[in-house]
Peer 1: 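Below is the structure I would like to discuss, written out as structure tokens.
Worth knowing before you read on, the calculation uses all heavy atoms, side chains too, and leaves out hydrogens, waters and symmetry mates. Here is how names work: the chains are called A, B, and so on, in the same order as the sequence lines, proteins then strands, and each is numbered from 1.
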Number of protein chains: 2
Amino acid sequence: MSQMQNVEKQLREMILGLEIGPGERLTERWIESRFGASRTPVRAALLRLETDGLVCRDGRGWTVSPINLAEIEQIAVYREAVEVAAIKLTCALEDRSAVDVVEAMLDSCDAGTPREEWHRVGMDFHIELARLSGNEFLFRAVRDAMTRLSRARWLEVRDEAALGRAWAEHRAILAAVRAGDADEAAHRLSAHIIGSRDRLVTSLHNDRRGLRARGFAVVAA
Amino acid sequence: MSQMQNVEKQLREMILGLEIGPGERLTERWIESRFGASRTPVRAALLRLETDGLVCRDGRGWTVSPINLAEIEQIAVYREAVEVAAIKLTCALEDRSAVDVVEAMLDSCDAGTPREEWHRVGMDFHIELARLSGNEFLFRAVRDAMTRLSRARWLEVRDEAALGRAWAEHRAILAAVRAGDADEAAHRLSAHIIGSRDRLVTSLHNDRRGLRARGFAVVAA
DNA sequence: GATACCAACTTGGTATCCCAAAATGGTATC
DNA sequence: GATACCATTTTGGGATACCAAGTTGGTATC
């Protein structure tokens with residue numbers, strides 16, 4: 001694996017894992033020494049992460065992108081459009097047996113599953129569901145949206161009941177897809193996404209002081 | 001303007017203007033000497049253009065992305081989803097007077113307008129229309145889709161009647177938006193996009209031998 | 001004439017060096 | 001004590017040198 005991929009992967013994990021907080025300044029030299037690579041691959045990695053929205057320019061320098069509530073709301077609208085389009089395509093397929101693979105992902109989480117895993121599977125559900133459509137651009141759009149939402153979703157305060165509800169919604173969506181009921185699937189998916197958005201924005205809004213106290217930059221809507 | 005932006009801009013224009021043909025190999029050293037910049041900004045520019053889908057990796061090297069008919073079909077589905085979502089948002093706005101600005105773009109083209117201008121305005125119409133939604137991600141998605149379609153649309157064989165029909169469809173879409181009729185606007189926009197896709201794919205499919213003879217790589221659907 | 005093999009060149013990946021601009025910190029002045 | 005100013009350091013942008021891997025072209029052998 002090239003140095004550029006190496007730096008990009010590790011830096012991405014540190015940012016998504018909140019090891020580097022939203023709003024923190026980054027210097028190319030710090031990354032260079034941190035990962036033992038020279039500035040050329042570091043700069044390439046930063047350019048990649050910039051297009052993913054994980055880092056952004058701050059004047060001349062680099063900053064880990066802050067949590068932006070307005071952006072989160074807009075992304076929800078965006079992903080609703082593309083996920084609904086994707087699920088309609090999937091419902092129109094003759095062979096929809098691939099939903100079983102997605103259902104198995106949901107099954108892999110139970111009471112003993114660590115929170116990180118619930119978080120990861122909760123995003124991969126949407127990503128893999130979009131992949132089933134066979135449309136590369138809808139798939140990429142969902143993956144990109146989930147990446148941008150990842151940190152915010154991790155910071156969301158969710159009790160077990162909320163997780164259970166989300167999983168039930170996921171299963172209902174899959175059931176509709178399996179039945180080939182595009183309208184039902186689209187409606188449930190749409191409601192799920194908008195509901196998730198509202199809970200997410202509300203949670204972050206209520207917690208914004210605590211988040212800022214932890215050093216996380218949170219931009220209001 | 002930085003060297004990186006300079007190289008990116010010029011290289012983008014050369015690719016979109018088909019001065020460098022789809023499928024052509026690129027070397028960092030050629031770009032370096034062509035634009036008088038060193039490899040550092042050249043590499044940064046290539047990474048940018050790669051995320052825009054204008055260049056792609058070919059093993060170890062770089063290639064101007066070929067025209068890909070399957071990709072064009074998928075992008076049409078993608079842009080239909082996002083453009084329809086955007087126009088519905090716009091129709092729901094109280095103040096939709098900004099459509100006048102978009103309408104003025106259409107008015108700027110007449111019989112004496114060069115073909116490049118029709119081409120540019122034909123894309124900007126969709127981009128600016130999406131911008132009116134106020135959703136940054138829907139807007140970016142449309143802009144990105146149009147960038148990826150730009151070369152194919154330029155190669156499309158379109159007579160004056162077809163252009164006139166497209167403009168009429170554009171105006172009908174704007175009229176529906178101005179009236180706040182979301183369903184009508186969405187329906188007309190959707191039909192316009194799918195119709196455009198069909199004509200585009202058909203045209204390129206029929207012309208693929210001629211295009212290949214001009215040295216343009218065309219990947220079949 | 002076909003093919004196996006080797007040297008020279010090309011090319012992307014990386015490290016490193018230089019530079020200008022911006023940030024920083026200390027000092028002198030009021 | 002506050003502030004204006006200047007020297008120093010830091011930082012990103014760019015240029016260049018080096019390397020390894022891959023390609024190419026030619027040659028010698030069969």
Peer 1: What nucleic acid atoms does B:Arg25 come within less than 4.0 Å of, heavy atoms only: base, sugar-phosphate, or nothing?
Peer 2: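 The answer is nothing, as B:Arg25 stays clear of every strand by at least 4.0 Å.
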
Peer 1: Just checking B:Ser2: base, sugar-phosphate only, or nothing, at a heavy-atom cut-off of under 4.0 Å?
Peer 2: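 If one applies the 4.0 Å heavy-atom cut-off, B:Ser2 turns out to touch the sugar-phosphate alone, with no base involved.
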
Peer 1: Between B:Thr40 and D:dG14, is there a contact of a side-chain N or O with OP1 or OP2 at under 4.0 Å?
Peer 2: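 Checking D:dG14 against B:Thr40, no side-chain N or O comes under 4.0 Å of OP1 or OP2.
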
Peer 1: Ignoring backbone atoms, establish whether A:Ser38 has a side-chain N or O less than 4.0 Å from OP1 or OP2 of C:dT14.
Peer 2: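 The answer is no; no side-chain N or O of A:Ser38 sits under 4.0 Å from OP1 or OP2.
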
Peer 1: Please work out if A:Ala44 contacts a base, only the sugar-phosphate, or nothing of the nucleic acid, heavy-atom cut-off 4.0 Å.
Peer 2: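 A:Ala44: no heavy atom of the nucleic acid under 4.0 Å.
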
Peer 1: Output the rounded distance in Å from CZ (B:Arg29) to C1' (D:dA17).
Peer 2: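 My rounded result for the distance is 10 Å.
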
Peer 1: A:Met4 has an atom CE; how far is it from atom C1' of C:dG12, in whole Å?
Peer 2: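 Taking CE of A:Met4 and C1' of C:dG12, I get 13 Å after rounding.
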
Peer 1: For a quick test of reading the model: is some side-chain N or O of B:Gln3 closer than 4.0 Å to OP1 or OP2 of D:dA15?
Peer 2: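 Checking B:Gln3 against D:dA15: at least one side-chain N or O falls below 4.0 Å of OP1 or OP2.
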
Peer 1: Round to a whole Å and report the spacing from CZ of B:Phe35 to C1' of D:dA15.
Peer 2: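 From B:Phe35 CZ to D:dA15 C1': 18 Å.
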
Peer 1: Taking atom C1' of C:dC17 as reference, at what distance in whole Å does atom CD of A:Glu32 sit?
Peer 2: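 Distance check: A:Glu32 CD to C:dC17 C1' gives 12 Å.
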
Peer 1: Taking for each residue the nucleotide of DNA chain C bearing the nearest heavy atom, is the 5' side occupied by A:Met1 or by A:Arg60?
Peer 2: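 The answer here is A:Met1.
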
Peer 1: To the nearest 0.5 Å, how far apart are CH2 in A:Trp62 and CZ in A:Arg25?
Peer 2: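 So the gap between those two atoms works out to 12.5 Å.
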
Peer 1: If you look at every strand shown and take non-hydrogen atoms under 4.0 Å, does A:Leu46 touch a base, only sugar-phosphate, or nothing?
Peer 2: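 No contact.
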
Peer 1: Can you see if the side chain of B:Arg43 gets near the phosphate of C:dG13 - specifically, an N or O under 4.0 Å from OP1 or OP2?
Peer 2: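 Checking B:Arg43 against C:dG13: at least one side-chain N or O falls below 4.0 Å of OP1 or OP2.
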
Peer 1: Taking for each residue the nucleotide of DNA chain C with the nearest heavy atom, is it B:Thr27 or A:Ala37 whose nucleotide lies nearer the 5' end?
Peer 2: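 By nearest-heavy-atom nucleotide position, the 5'-most residue is B:Thr27.
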
Peer 1: Tell me the interatomic distance from A:Arg39, atom CZ, to D:dA17, atom C1', rounded to whole angstroms.
Peer 2: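 That distance rounds to 16 Å.
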
